[in-house]
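Note that these values count all heavy atoms, side chains included, but never hydrogens, waters or copies made by symmetry. Naming: A, B, ... by sequence-line order, numbering from 1 per chain.
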Amino acid sequence: MTTVRTPAGWPATEEEAGAVQDALRTKVVLDEAGPPPGTGHVTGVDVAYDDERDVVAAAAVVLDAATLDVVAESTAVGRISFPYVPGLLAFREIPTVLAALEALPRTPGLVVCDGYGLAHPRRFGLASHLGVLTGLPVIGVAKNPFTFTYEEPAAPRGSASPLLAGHEEVGRALRTRDAVKPVFVSVGHRVSLDNACAHTLALAPAYRLPETTRRADALCRRALREAVPALTAD
DNA sequence: GCGACAG
DNA sequence: ATCTTGTCGC
């Protein structure tokens, strides 16, 4: 497991963070379809916190896209680099997530993260941010609709409806299990919305959430449990 | 001004 | 995100 410090020049205020988003947003690539589902590698990233001890742990888990077998994984720990502010989630997670991705022994392929990409107040959520910084194709799969609205998709798995900011489609509510609450998919970087949904469905054959985020979630929690006692021993 | 609000 | 036991159902 690698250890990270908050990067020099990291935004300290909400104003600075917002300015960073506005600047980086111009670098998002939205006109690529992205890798086809079921081929190559797909990597899930997730983060767990211990706010009391100011510790954050990130995990990256690489799956074979065809079999969903784990082929590689890595973790990183660091200090919390930003408070949780809706719309500024990326500033809390990105330094540690980047460290985990860089520690992987192989190419991540498509990256799937918790949270949003385009579906964001400034159209630049975690998945967009991570994509611009790494150049990798990235999508966001969130568990909640945030401030956006949607019509309930039909009951069968695979049904979807637009996730709306007013009349603008910023993502999709996608049902991954019959009659179970949908997940909320949005584009991050270098992947189309249709393809992002196809990947999400392929990655969630049995549970509501994609295997990528399930594996990454379990791993970062474990990394946090193991890291806190070590960091707290002095 | 007040409330809601990814993780 | 996180605090947390049992419990209903396939």
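- Phe184(A) does not carry Arg172(A) over the face of its six-membered ring by the limits of under 6.0 Å from the centre and within 45° of the normal.
- A cation-pi arrangement is present between Arg92(A) and Tyr49(A), with the terminal nitrogen or guanidinium carbon under 6.0 Å from the aromatic centre and inside a 45° cone about the axis.
- The environment of Arg122(A) atom CZ is dense: over 12 non-hydrogen atoms of other residues, nucleotides or ligands sit within 6.0 angstrom.
- Closest approach of Ala173(A) and Tyr150(A) over heavy atoms only: CB-CD1, 3.7 Å.
- With a 4.5 Å cut-off on side-chain heavy atoms, Pro86(A) and Phe146(A) count as touching.
- Of the residues listed (Val111(A), Leu63(A), Leu110(A), Val71(A)), the one engaging His41(A) in a side chain to side chain contact (heavy atoms under 4.5 Å, CB included) is Val71(A), and it is the only one.
- Scanning residues 185-210 of chain A for heavy-atom distances under 4.0 Å to DNA chain B yields an empty list.
- When side chains are defined from C-beta on, Lys181(A) counts as touching Asn144(A), because their heavy atoms get closer than 4.5 Å.
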**OP:** Sugar-phosphate atoms are those with a prime plus P, OP1 and OP2; base atoms are the rest. Using that split, label each nucleotide of nucleotides 1-7 of chain B B, S or - for protein heavy atoms under 4.0 Å, 5' to 3'.
**Re:** ----BBB

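- At least one side-chain heavy atom of Trp10(A) sits less than 4.5 Å from a side-chain heavy atom of Ile94(A).
- In this structure, Leu104(A) is a member of the same hydrophobic cluster as Leu130(A), with clusters built from ILVMFWY side-chain heavy atoms closer than 4.5 Å.
- Considering only heavy atoms from C-beta on, Glu169(A) comes within 4.5 Å of Leu193(A) through its side chain.
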Subject >> Sequence-aligned protein contact record of nucleotides 5-10 of chain C, with B where the base is within under 4.0 Å of a protein heavy atom and S where only the sugar-phosphate is >> reply: ------

